[in-house]
Protein chains: 2
Amino acid sequence: MNKINLTTQRKAIFEIIQEAHDHPTAGDVIERLRLKGKQYAYGTVYNSLRYLTDSGLIRELKLGETASRYDARTEDHQHIVCTQCGRVDEVMAELPSDWLNQIAQDTGYTVHETQIVIEGVCKSCATP
Amino acid sequence: MNKINLTTQRKAIFEIIQEAHDHPTAGDVIERLRLKGKQYAYGTVYNSLRYLTDSGLIRELKLGETASRYDARTEDHQHIVCTQCGRVDEVMAELPSDWLNQIAQDTGYTVHETQIVIEGVCKSCATP
DNA sequence: TTTTTAATTTATACTTAGTCTAAAACTAGT
DNA sequence: ACTAGTTTTAGACTAAGTATAAATTAAAAA
């Protein structure tokens, strides 16, 4: 594992993700950088997000929306999305390992990762 | 529930999805239609895929790739994607309901759907 | 059967998210 | 300071999908 090289830009972007508690998209990151008076090239933000993801400092979430979201919580966990308001919450409940083992056996795959997206309606949308 | 109106185009597209056993993307559908000598407007294919999805005849799969895939198997099941060759297989193992109940309780959400994408390496990629 | 209305398809322009490229600007090591 | 390697920048480009307005088809009414 190589040394992680956190340039000014990468650090600033990493901080945005860490401060955020709403799983921002690349577009969100660009906007928040601008609010802090920092404006980096379009491609730099995407490159940095990929670099941070590859380094394991953040996680890329593909939740079935058009844009990827990013999360600084790298511990194994899943997400639940509200189909009404778009809000994303963390799901810490661990996936039953027997279930995963059964899948590995059934399919012959070696399982590496599971991205689970649960869709539902959040409390505040359910009670108007 | 309204009556389902299967036009010529929608029927042809539905058939492509039914015949396929590889979860084709919209692009794949357009190509296969062309091979059959059928060429519909770009937007028609997208509209039809959405119509068929909304009617419950097919399912849209968002597997974290750039393009959605479509599946004529509408029974509840999940998918496993090979990170090497991109192949997609069905996972019929049912999700443990206690796990889902726990999540509903923990998060306060009313759970509607779960799209689970398991990533791994398929048998033929594992043994070269 | 003609007329009217509604739904669908078509062609094309547009949007969004993200990649690619080549030049310029840093950063390290000598 | 000089060179090599890495990053950033600006801007062109791509892929997937949406929006729109006109043309076509289908359905309903008269």
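The sequence lines fix the lettering, A, B, ..., with proteins before strands; numbering per chain opens at 1. Just so you know, these numbers come straight off a predicted model, no measurement behind them. Heavy atoms only: backbone and side chains are in, while hydrogens, waters and symmetry mates are out.
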Taking only side-chain nitrogens and oxygens of [X], does any of them come within less than 4.0 Å of OP1 or OP2 of [N]?
{"X": "Thr66(A)", "N": "dT16(C)", "answer": "no"}
{"X": "Gln9(A)", "N": "dT9(D)", "answer": "yes"}
{"X": "Thr25(B)", "N": "dA16(D)", "answer": "no"}
{"X": "Tyr46(A)", "N": "dT19(C)", "answer": "no"}
{"X": "Gln39(B)", "N": "dT10(C)", "answer": "no"}
{"X": "Thr7(B)", "N": "dA26(D)", "answer": "no"}
{"X": "Asn5(B)", "N": "dT8(C)", "answer": "yes"}

Any side-chain donor near an acceptor of the partner, [X] and [Y], under 3.5 Å:
{"X": "Asn47(B)", "Y": "Thr44(B)", "result": "no"}
{"X": "Glu60(B)", "Y": "Ser68(B)", "result": "yes"}
{"X": "His112(A)", "Y": "Glu119(B)", "result": "no"}

Given His77(B), which of Arg73(B), His79(B), Glu75(B) fulfils the side-chain hydrogen bond (donor to acceptor under 3.5 Å, both in side chains) condition?
-> His79(B)

Flag this pair as yes if the NZ/CZ of Arg59(B) is under 6.0 angstrom from the six-membered ring centre of Tyr70(B) and inside a 45 degree cone about the axis; otherwise no.
-> no

Contact class for Tyr40(B) vs. all strands (heavy atom < 4.0 Å): base, sugar-phosphate, or nothing?
-> sugar-phosphate

Just the rounded figure in Å: distance from [atom2] of [N] to [atom1] of [X].
{"X": "Arg69(B)", "N": "dA16(D)", "atom1": "CZ", "atom2": "P", "answer": "11 Å"}
{"X": "Tyr70(A)", "N": "dA17(C)", "atom1": "OH", "atom2": "P", "answer": "12 Å"}
{"X": "Phe14(B)", "N": "dT8(C)", "atom1": "CZ", "atom2": "P", "answer": "17 Å"}
{"X": "Tyr51(A)", "N": "dT8(D)", "atom1": "OH", "atom2": "C1'", "answer": "14 Å"}
{"X": "Leu49(B)", "N": "dT9(C)", "atom1": "CG", "atom2": "C1'", "answer": "15 Å"}
{"X": "Asp28(B)", "N": "dG17(D)", "atom1": "CG", "atom2": "C1'", "answer": "15 Å"}

For Ala26(B) and Asn47(B), take the nucleotide of DNA chain D holding the closest heavy atom to each; which residue's nucleotide lies nearer the 5' end?
-> Ala26(B)

